[in-house]
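Fair warning: this is a prediction, and the values are worked out from it, not measured in the lab.
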Amino acid sequence: MSNEKDTNDPATGTDEGRDDVDSAPSEPAGNGDDAPRNPGDSGSAPDGSAESASDDSGGEDSEEVWDDTVVIEDDPSTDGVGAGREESHGATSDDAEPTEGGIDELGSTVEVEGAEIDDDPDEDDLLGGLKIDTTAELEIPDRLVDQVIGQEHARDVIIKAAKQRRHVMMIGSPGTGKSMLAKAMSELLPKEELQDVLVYHNPEDGNKPKIRTVPAGKGDQIVEAHREEARKRNQMRSLLMWIIIAVVLGYALIIVGQILVGIIAAGVVYLVFRYLNRGSDAMIPNLLVNNGDTQTAPFRDATGAHAGALLGDVRHDPFQSGGMETPSHDRVEAGAIHKANKGVLFIDEINTLDIRSQQHLMTAIQEGEFSITGQSERSSGAMVQTEPVPTDFVMIAAGNLDAMENMHPALRSRIKGYGYEVYMEDTIEDTPEMRRKYVRFIAQEVAKDGRLPEFTAEAVEEVILEAKRRSGRKGHLTLLFRNLGGLVRVAGDIARGEDAELTTRDHVLQAKGRSRSIEQQLADDFIERRKDYELQVSDGYVVGRVNGLAVMGEDSGIMLPVMAEVAPSQGPGEVIATGQLKEMAQESVSNVSAIIKKFSDENISEMDIHIQFVQAGQQGVDGDSASITVATAVISALEDVGVDQSLAMTGSLSVRGDVLPVGGVTHKIEAAAKAGCTRVIIPAANEQDVMIEDEYEDMIEVIPVSHISEVLDIALEGEAEKDSLVSRLKSITGSALKEGNVSSPSSPSPQ
């Protein structure tokens, strides 16, 4: 059926044989043989006369149709919604030549434009060879997909998925660009297929409204034409009504002489005509989905949406009978899955959707259509159920790693079966190309905000240094751009508050202090409070007390003292640890006890070893980074040898005594410096990850170690006792990590 026939002869078919009656305005692009069928081909809509329905069904018996008699003339401005858009936006088929700026031209490398670049940039050049004075010299790409930085694999998947109309699930940390990639896909999808969706009153059953799909831009015309027809009918009826009323009143007054009877008769005539006018208004369709002004494929963010907002709903009608009720088709509301038809449906934290909504979402994905009904079983809308409404969307589901655990397995299977799964990286290798893209990222943030002064080259360098620091890995840059963008905006706000023309390095340094996380502020407050109450010791030697280090959140360090005491046991000896220890911390204590048992000359089976994590708080202790701290405290208590209180330490411990890498070493070192310590022990494998601020470099000495014997050699008091302890430990500990093969984990967890 052509678009002209479709819009000129609106009609509706019965539920049976809908596939034969209806015809989509355009064919689906690039769904592939295994993709769900196009909902446009199965939408039961009043879209043709009896003759056209017969033609669409290939000569079979035509279904009974309802003609609403409204004729819409073709508008040249809307002709391009159909085939014309294909010409203006580039071909979508695999064998067609891509036009300028088409999907096929997009690659994985997007160079920074608008500035001169050194051919061989210096390794220490934080700008990656860019020769700029301010970020104003850089050009910002028009398309979102070209603005994505660091997630090259995910970017390529989005491009392929847009071309083939595949679903995508992106899993990764918050702030890595998942929503930005989803919006980018909506720009890449073809726009010539957009549709308007109309819902009509069903004269046979008012609780089963009929659905019709038309090319985008035609829906407004159809509704307006219906309104115009209804207005003309109402005018004619009003004129006829007043004529009849005048005749009745004249007859009653002049002929019969009973004016009261005439007034009553006139009132009856008025009510009858008003009732007929309501029936005429009920024939006006409701424009359910309007894409007339949409310039790109629809993008709908349904994150956290309730069932009605996601799946559509029918409003409650308090007047359900007596001629005062609102027609059911006027109460139908489209959901995000219907508004995303021919576009992108994005749901972040997909696991937070209730199971019922996930099951309905599966149906919409599989069938390509979904009927709208009332979501509240107590509402009159629950009696209404429309014919299936097209839901031919590309779904992008996102979430953290835990999203996969609580996600409906069948829903994940459908996404994976018709698309891709992508893991979003947290860091990326520090290269000149990536540094240039980080410069462009800052320029993008300034341009998006629209109120920030441009950044100087020195300010950009300071932001990139912070990106290196936040990565937690040597030779890497963080990809948590939301947090980094927050730093850019705070620095720009400070500059704007000072009426500065440019954002300088000093503004960025101020922003780093003002944009501290809640965890950082709490950690600094804890450190100050402990100083006030003398809970923090940073000089002298104390038996059984060690300054441990921990992290709060993701970017703040805190000093956590650990105390140990050995007491005679009333029964079999045991190790007792307190401080709200989580599972991994409990296991680390067990590993330490194995070393103690093998190391000690004393019979500890008759002793209880008490270990206390001082002021661990309600959050408790998670992770094993306090292993060497616990071991040092226990050995100090067993041997009655003091521990240097100007020293802090962090590190995991194997059962053979090897010091293993941990996360958050940079923040832990800074916490030790703030607490007044002058030395800090870290695992040798983490030495490459240390990127402390310049102000702390002269305040504290960082000592990397590989074995517990080295820790005791540095931490314990007394040369004779220390030498004896260390020699005994060396004799019983091996080296599980061969020299030269020690490396940091790719993504160490904060501990």
I'd like to check [X] versus [Y] (side-chain heavy atoms, cut-off strictly below 4.5 Å). Are they in contact?
| X | Y | answer |
| --- | --- | --- |
| Thr666 | Arg469 | yes |
| Leu361 | Leu353 | yes |
| Ile350 | Leu411 | yes |
| Met407 | Ile415 | yes |
| Asp426 | Thr478 | no |
| Ile396 | Met170 | yes |
| Tyr438 | Leu484 | yes |
| Met404 | Met169 | yes |

Please determine if Lys437 and Glu152 form a salt bridge, counting it only when a charged side-chain N lies under 4.0 Å from a carboxylate O.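 Here Lys437 pairs with Glu152 in a salt bridge, since their nearest N and O are under 4.0 Å apart.
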
What I want to find out is whether Asp348 reaches Lys178 closely enough, with some N-O distance under 4.0 Å, to be called a salt bridge. no

Work out which heavy atom in [X] is nearest to a heavy atom in [Y]; give both atom names and the distance.
| X | Y | answer |
| --- | --- | --- |
| Asn406 | Gln358 | O-NE2, 4.0 Å |
| Arg482 | Pro174 | NH1-C, 3.9 Å |
| Gly664 | Val551 | O-CG1, 3.9 Å |
| Val168 | Ala161 | CG2-CB, 3.6 Å |
| Ala162 | Leu188 | CB-CB, 3.7 Å |
| Leu194 | Ala297 | CD2-CA, 4.1 Å |

Using 0.5 Å steps for rounding, measure from the [atom1] atom of [X] to the [atom2] atom of [Y].
| X | Y | atom1 | atom2 | answer |
| --- | --- | --- | --- | --- |
| Lys183 | Phe299 | NZ | CZ | 5.5 Å |
| Glu425 | Leu480 | CD | CG | 11.5 Å |
| Lys342 | Thr213 | NZ | OG1 | 8.5 Å |
| Leu660 | Asn686 | CG | CG | 10.0 Å |
| Ile171 | Tyr423 | CD1 | OH | 10.0 Å |

Do any N or O atoms from the side chain of [X] and from the backbone of [Y] form a donor-acceptor pair under 3.5 angstrom?
| X | Y | result |
| --- | --- | --- |
| Ser371 | Thr386 | yes |
| Thr391 | His338 | no |
| Asp196 | Gly219 | yes |
| Asp354 | Ser357 | yes |
| Thr427 | Ser471 | no |
| Gln147 | Pro141 | yes |
| Arg212 | Leu198 | no |
| Arg300 | Val344 | no |
| Gln151 | Met424 | no |
| His476 | Asp430 | no |

Evaluate the salt bridge (charged side-chain N to carboxylate O under 4.0 Å, His left out) criterion for residues Arg155 and Asp146: first the C-alpha distance (whole Å), next the side-chain angles of each, then the deciding distance (0.1 Å), finally the verdict. CA-CA 9 Å; Arg155 183 175 176 275; Asp146 296 335; 3.1 Å; yes

Of Asn341, Asn291, Asp392, the residue whose pairing with Gln195 passes side-chain hydrogen bond (donor to acceptor under 3.5 Å, both in side chains): Asn341

Can you check side chain to side chain contact (heavy atoms under 4.5 Å, CB included) on Glu454 and Thr503, steps first, answer last? CA-CA 6 Å; Glu454 298 288 347; Thr503 304; over 6 Å; no

For [X], enumerate each residue passing the salt bridge (Lys or Arg N to Asp or Glu O under 4.0 Å) test, keeping only those at least two apart in sequence or located in another chain.
| X | answer |
| --- | --- |
| Glu429 | none |
| Asp301 | none |
| Asp449 | Arg451 |
| Lys512 | Glu462, Glu466, Glu693 |

Can you name the one residue among Leu487, Asp493, Asn483 that meets side chain to side chain contact (heavy atoms under 4.5 Å, CB included) with Ser515?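 For Ser515, the side chain to side chain contact (heavy atoms under 4.5 Å, CB included) test succeeds with only one of Leu487, Asp493, Asn483, which is Leu487.
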
Can you pull the ring-ring contact (aromatic ring centres under 6.0 Å, His included) pairs that have at least one residue in residues 339-363, sequence neighbours excluded?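 For residues 339-363, and leaving out neighbouring residues, the ring-ring contact (aromatic ring centres under 6.0 Å, His included) pairs sorted by first residue read His360-Phe370.
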
What residue pairs, at least two apart or across chains, pass ring-ring contact (aromatic ring centres under 6.0 Å, His included) with a residue in residues 440-460?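 Output for this query lists Phe441-Phe481.
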
With [X], which residues qualify under side-chain hydrogen bond (donor to acceptor under 3.5 Å, both in side chains), at least two apart?
| X | result |
| --- | --- |
| Glu187 | none |
| Glu333 | Arg315 |
| Asp220 | Asn290 |

CA sep, side-chain torsions, deciding dist, call: Glu116, Ile132, side chain to side chain contact (heavy atoms under 4.5 Å, CB included): CA-CA 8 Å; Glu116 186 179 349; Ile132 60 169; over 6 Å; no

Listed partners of Tyr420 passing ring pair (Phe, Tyr, Trp, His ring centres under 6.0 Å), at least two apart: none

Please assess Val488 against Val490 for the test side chain to side chain contact (heavy atoms under 4.5 Å, CB included), listing each intermediate value before the final yes or no. CA-CA 6 Å; Val488 171; Val490 172; over 6 Å; no

Going by side chain to side chain contact (heavy atoms under 4.5 Å, CB included), name the residues that satisfy it together with Asp133, two or more places apart in sequence or in a different chain. Glu137

Pairs where residues 404-423 contributes a residue and the test salt bridge (charged side-chain N to carboxylate O under 4.0 Å, His left out) is met, not counting sequence neighbours: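 Non-adjacent pairs meeting salt bridge (charged side-chain N to carboxylate O under 4.0 Å, His left out): Arg412-Glu421.
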
What verdict does the side chain to side chain contact (heavy atoms under 4.5 Å, CB included) test give for Leu138 and Val439, after you've listed the backbone C-alpha separation in whole Å, the side-chain angles of each residue and the deciding distance to 0.1 Å? CA-CA 9 Å; Leu138 297 180; Val439 180; 3.5 Å; yes

Are more than 12 heavy atoms from other residues, nucleotides or ligands located less than 6.0 Å from atom NZ of Lys474?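 No.
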
